[in-house]
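Order of appearance sets the numbers: ligands from 1, and atoms from 1 within every ligand.
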Amino acid sequence: MQTLKTTSLEVRDNQLWILDQQALPQQKNWLPAHSVTQLIDHIHALRVRGAPLIGLSASLLLALLAEQGQTRAELAQALEHLRAARPTAVNLMNNLDRMKVALAQPAFVTALTDEAWRLVQEDKQLCDAIAEAGCTRIKPGSQLLTHCNTGGLATAGVGTALGVIARAHQQGWIKNVWVDETRPLLQGGRLTAWELGELAIPCTLITDSMAASLMARGEVDAVWVGADRIAANGDVANKIGTYSLAVLAHYHQIPFYVAAPHTTLDRHCPDGAAIPIEQRAASEVTGVAGSFGSVQWAPETARVFNPAFDVTPAALISGWILDTGVVTPDQVQSGFFQPQ
Ligand code: MRU
């Protein structure tokens, strides 16, 4: 395969490498993702994360394994193992469905390489199109609030919600971005604050509990988040804490936008209640770990609830910003996301 470099994925010497998103921003470590076991381990540990990126990394690895001589049967098994690596983000399943079609071709090695390559190039274009569409909803002098990380780290391109913000910044429209630190794994504090800094976009880090008082003070003009899955009725699964922001935005009459590529859409999932929500280890809530070390503050015996995602009902969403354009609540209610 040709060499490839995105913000957090690399193909070189016919092997896949990932930028360790758990070590950022203190360390920039590129780690091998040369086998299914290695990649699944990175995905579980969120060293590779973000809905689009998970799907792309799995697709690239499959293509590379095919080039290295794995049989069709071995690749079919690898595909199913990868598909189960994280349950909520549907981009993984959508991308692997396309890879499965390629695997069924007589010349499956070339077909898999071409398809993985196409998925990466498409993702870049999708991000650009989302940024373009999203900018129509941003006013000059905006203070925006974002949650988790939806930037170049999470995609092959400029990102989804963060791509919109970056494009609006290029127009000179961004006064400030409030960055929710995003407990428990701190994707906002560690990754978004870092990405916005690299892009020289003015931003201010807050803990998740500070959003309400900022909204009450009139200091948030809109909330912009990404998505891990959009159901047919417009409900959206995204990083835990997104739903609280949507409720707060609704109460304060602030627009709440979801930006995502069409690969995040699951027309066969009727509503948010049918989206599988990943439950994660108690240790992520009882303490924190990273390149800085680890600390535990809660009693070892504390009972913990740790869902990685929550569901925001469609009724709280002001617009779904897709690569195909802005989808309005009226369109969603009229069945825009229903199976075609
Ligand atoms: O657990 P993560 O860090 O993979 O969760 C990521 C999110 O929730 C993002 O908002 C979503 O995947 C969109 S990334 C463009």
Residue pairs, two or more places apart or on separate chains, that pass side-chain hydrogen bond (donor to acceptor under 3.5 Å, both in side chains) and touch residues 153-170: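 Listed by first then second residue: Glu132-Arg167.
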Nonpolar side-chain network containing Leu316, other nodes, edges under 4.5 Å: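 When side chains under 4.5 Å apart are linked, the cluster holding Leu316 also contains Tyr243, Val247.
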Just the distances, no angles: every ligand 1 N or O to protein N or O pair closer than 3.5 Å, one line each.
{"unit_1": "ligand 1", "atom_1": "1 (O)", "unit_2": "Arg86", "atom_2": "NH1", "d": "3.2"}
{"unit_1": "ligand 1", "atom_1": "1 (O)", "unit_2": "Arg86", "atom_2": "NH2", "d": "3.0"}
{"unit_1": "ligand 1", "atom_1": "1 (O)", "unit_2": "Lys239", "atom_2": "NZ", "d": "2.8"}
{"unit_1": "ligand 1", "atom_1": "3 (O)", "unit_2": "Arg49", "atom_2": "NE", "d": "2.5"}
{"unit_1": "ligand 1", "atom_1": "3 (O)", "unit_2": "Arg49", "atom_2": "NH2", "d": "3.4"}
{"unit_1": "ligand 1", "atom_1": "3 (O)", "unit_2": "Gln187", "atom_2": "NE2", "d": "2.9"}
{"unit_1": "ligand 1", "atom_1": "4 (O)", "unit_2": "Gly50", "atom_2": "N", "d": "2.9"}
{"unit_1": "ligand 1", "atom_1": "4 (O)", "unit_2": "Arg86", "atom_2": "NH1", "d": "2.9"}
{"unit_1": "ligand 1", "atom_1": "8 (O)", "unit_2": "Asp228", "atom_2": "OD1", "d": "2.8"}
{"unit_1": "ligand 1", "atom_1": "8 (O)", "unit_2": "Asn238", "atom_2": "OD1", "d": "3.1"}
{"unit_1": "ligand 1", "atom_1": "8 (O)", "unit_2": "Lys239", "atom_2": "N", "d": "3.2"}
{"unit_1": "ligand 1", "atom_1": "10 (O)", "unit_2": "Asn238", "atom_2": "OD1", "d": "2.7"}
{"unit_1": "ligand 1", "atom_1": "12 (O)", "unit_2": "Ala51", "atom_2": "N", "d": "2.9"}
{"unit_1": "ligand 1", "atom_1": "12 (O)", "unit_2": "Asp228", "atom_2": "OD1", "d": "3.3"}
{"unit_1": "ligand 1", "atom_1": "12 (O)", "unit_2": "Asp228", "atom_2": "OD2", "d": "3.0"}

Heavy-atom donor-acceptor pair, Asp271 side chain to Ala273 backbone, under 3.5 Å: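 Such a contact is found between Asp271 side chain and Ala273 backbone.
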Polar side-chain atom of Thr150 near backbone of Leu162 as donor-acceptor pair, under 3.5 Å: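 Checking the backbone N and O of Leu162 against the side chain of Thr150, a donor-acceptor pair under 3.5 Å is found.
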Would you list the atom pairs, donor with acceptor, under 3.5 Å between side chains in residues 249-259 and any protein atom, with sequence neighbours excluded?
{"unit_1": "His252", "atom_1": "ND1", "unit_2": "Leu248", "atom_2": "O", "d": "2.9"}

Proximity of Trp224 and His147 rings by center, below 6.0 Å: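 Centroid separation for Trp224 and His147: 6.0 Å or greater.
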